[in-house]
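Remarks on the structure that follows.
Just so we're on the same page: letters track the sequence lines, and every chain starts at 1. Reckoned from all heavy atoms, side chains included, excluding hydrogens, waters and symmetry mates.
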Amino acid sequence: MSIASVRGFNDILPGETELWRHIEETAWSVFRTYGFSEIKLPIVEKTELFLRSIGETTDIVEKEMYTFTDRHGDSIALRPEGTAPAVRAYIERKLYTAPVTRLYYTGPMFRYERPQKGRYRQFYQLGAEVFGDESPRADAETISMLMRYFGKLGVEGAALQINSLGDRNCRPAYKEKLYNYLKERTGDLCENCLKRIDANPLRALDCKVPGCMEATRNAPSILESLCEPCEAHFNEVRRFLSLYGVTPVLNPRMVRGLDYYTRTTFEITADTGLGSQNAVAAGGRYDSLVSELGGPDTPCFGFAVGIERLALIMKGGAPRKPLTVFIALGDEAARKGIELVSAWREAGIRVVEDFSTGALKNRMKKADRLSADFVVILGENELRTGTVTIKDMKKAEQADVEWQRAAVVISGGNRG
RNA sequence: GUGGACGUGGCUCAACGGUUAGAGCACUGGACUGUGACUCCGGGGGUUGGGGGUUCGAAUCCCCUCGUCCACCCCA
């Protein structure tokens, strides 16, 4: 058998890339109006970066990272997510000399998981991070930016859930409370939850095993255990979200799989098209991460969007510029064609010339299969009169058009 | 990592263990050397995912392996 791609590593083919490009360009055009600048980050980082940011007991670090030793003996890893590298760059390149830094990035991430629809070992995220802004308005504005972006893409059925995980003042106390609560019910918990009860009891909250759901039904809620500043922050986030016209669903059981989150966390899920891998975007606040990684005290907020998943739930495709197929009949027409086609391309028009010489019928057929919007024919008759025949393939109408006017027609300028 | 379903021309799918594995769509040539989608006629295309086994005989049954999908897990 011929060599196949590695499991979970896909080619994004023509026909899909148009939509991908549209997704990324729309993100860029929306995010930049909020003051974001693009940053290009490496795909490989020192393994330690992820251990210290994502957390050593998370699933991502424990069983999903592509980690290996390079020729020098250093342990390096393919990045499983984008926030940690962004934070590393922020600190290393001293981007904190600006009062607020807003970064946008896109690219592949890697996790060794069992592939499924919407879940691949190499997958693409686009993300944005706001550095140095502690205001709840930053949370609300960034979330609303994301919702606006989804709206612009025509995404339907996307639901926003938010929660607050507290901070280093109130979360330890809550953890303790929850730990004690769970300890009294160890008989009802699944094996998995028993294992994580010590390392991260919060994870038991979103376990889907019936016994665990039952056991945690009346568990203490994080939202009732927030310290005053955290509670105030969360209330402000919600107040400003509503001013932006965004109405989230409160989900006090939503726990993120990365350790660095503090206070606000959120998740956007799709109701169709994704099966159980239905999280399209997620993010939150991480006020301690920059300092924990050796940078100055810097409150941050960010999110990431899964591009494959977004592409799967997008109803409309990418907007498409008209395509023209140019057919020259005879040598003289071909020579004139070079001039005409060059000029059209100069004007930004998409033109493909059919270089074959068979029956016009077959050449028309070929143009049709290329989904041409227009076919332009230049033959002896047209050469004599200084025109081209332009056929509108969708309307099945054609007309003789003077050379200078042809560009207007095939650029779609006068289509109804 | 666990459990399950499924892998047959480019695509969607047929074929009870029994001739040379078929059909539709697609492709290609012609009817029709200046007009696509419709029609008619012809043509090419398969190591039945891969490997091993059972059998006189395997697409079909068994084992292994690879892959896709679904659920769990987890997450974007």
Side-chain angles (χ1 to χ4, degrees), chain A residues 1-10 23 54 58-64 79-83 106-127 146 158 190-193 195-196 203 206-210 212 254-258 266-270 274-283 302-313 325 327-330 333 354 356-383 388-398 400:
Chain A
M1 210 174 53
S2 56
I3 298 172
S5 68
V6 176
R7 180 171 163 87
F9 288 69
N10 301 308
I23 286 171
I54 299 170
T58 58
D59 281 18
I60 292 177
V61 165
E62 277 184 344
K63 48 192 199 196
E64 297 172 2
R79 60 182 188 190
E81 59 108 35
T83 298
T106 179
M109 308 295 166
F110 305 84
R111 292 182 201 171
Y112 190 92
E113 294 185 272
R114 187 104 160 222
Q116 212 171 306
K117 183 190 281 194
R119 187 171 83 182
Y120 312 101
R121 290 182 174 177
Q122 174 172 332
F123 61 102
Y124 291 75
Q125 286 187 339
L126 60 86
L146 184 54
C190 72
E191 225 175 292
N192 230 325
C193 285
K195 259 185 279 175
R196 51 197 182 196
R203 300 283 297 284
D206 68 350
C207 183
K208 282 158 208 139
V209 175
C212 298
M254 184 177 67
V255 178
R256 313 269 52 246
L258 295 82
F266 74 98
E267 189 172 304
I268 296 177
T269 53
L274 284 180
S276 57
Q277 311 304 321
N278 66 347
V280 186
F303 66 80
V305 177
I307 298 183
E308 286 89 349
R309 292 181 184 182
L310 188 51
L312 281 169
I313 61 168
V325 169
I327 297 177
L329 304 171
D354 175 18
S356 67
T357 55
L360 181 59
K361 182 175 183 68
N362 289 328
R363 300 174 73 179
M364 290 296 291
K365 197 170 177 178
K366 204 191 294 179
D368 189 38
R369 274 190 288 117
L370 289 170
S371 328
D373 297 282
F374 301 99
V375 172
V376 174
I377 300 167
L378 181 64
E380 285 176 24
N381 304 339
E382 290 85 353
L383 277 174
V388 286
T389 296
I390 300 181
K391 179 157 191 175
D392 184 322
M393 300 293 275
K394 303 285 183 289
K395 290 187 189 163
E397 292 166 1
Q398 69 178 46
D400 287 352

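Between A/D368 and A/Y112, the residue anchored closer to the 5' end of RNA chain B is A/Y112, taking for each the nucleotide with the nearest heavy atom. Mapped onto RNA chain B by nearest heavy atom, A/M364 and A/A282 fall at different nucleotides, with A/M364 at the one closer to the 5' end.
Counting to the nearest Å, the P atom of B/G34 and the NZ atom of A/K366 are 16 Å from each other. Rounded to an integer number of Å, the gap from A/D400 CG to B/G34 C1' is 12 Å.
Straight-line distance between the C1' atoms of B/U12 and B/G53: roughly 32 Å, to the nearest whole Å.
Between atom CG of residue A/L126 and atom CD1 of residue A/I307 there is a gap of 4.5 Å, rounded to the nearest 0.5 Å. Rounding to the nearest 0.5 Å gives a distance of 15.5 Å between CZ of A/F110 and OH of A/Y120. The structure places CD of A/E113 at 8.5 Å from CG of A/D59, a figure rounded to the nearest 0.5 Å.
Using modelled atom types, one side-chain atom of A/R79 and one backbone atom of A/P108 make a donor-acceptor pair closer than 3.5 Å. A donor-acceptor pair is defined here as one N or O able to donate and one able to accept, closer than 3.5 Å; such a pair exists between the side chain of A/R363 and the backbone of A/A328.
Regarding contacts with the backbone of B/G36, a side-chain N or O of A/K361 is found under 4.0 angstrom from either OP1 or OP2. Between A/N362 and B/G30 there is a side-chain polar atom (N or O) within less than 4.0 angstrom of OP1 or OP2.
Counting only Watson-Crick and G-U wobble pairs whose two distances sit under 3.5 Å, RNA chain B takes part in these stems of three or more pairs: B:1-7 with B:66-72, B:10-13 with B:22-25, B:27-31 with B:39-43, B:49-53 with B:61-65.
The residue A/E62 sits apart from the nucleic acid: no heavy atom pair falls under 4.0 Å.
In this structure A/Y124 satisfies the ring pair (Phe, Tyr, Trp, His ring centres under 6.0 Å) test together with A/W20, sequence neighbours excluded.
Taking 3.5 Å as the limit, the base of B/C75 and the side chain of A/R309 contain a donor-acceptor pair of atoms between them. The base of B/U2 sits within donor-acceptor range of the side chain of A/R114, with an N or O pair under 3.5 Å. Counting distance only, with no hydrogens placed and no angle test, the side-chain atoms of A/Q398 and the base atoms of B/U35 include a donor-acceptor pair under 3.5 Å.
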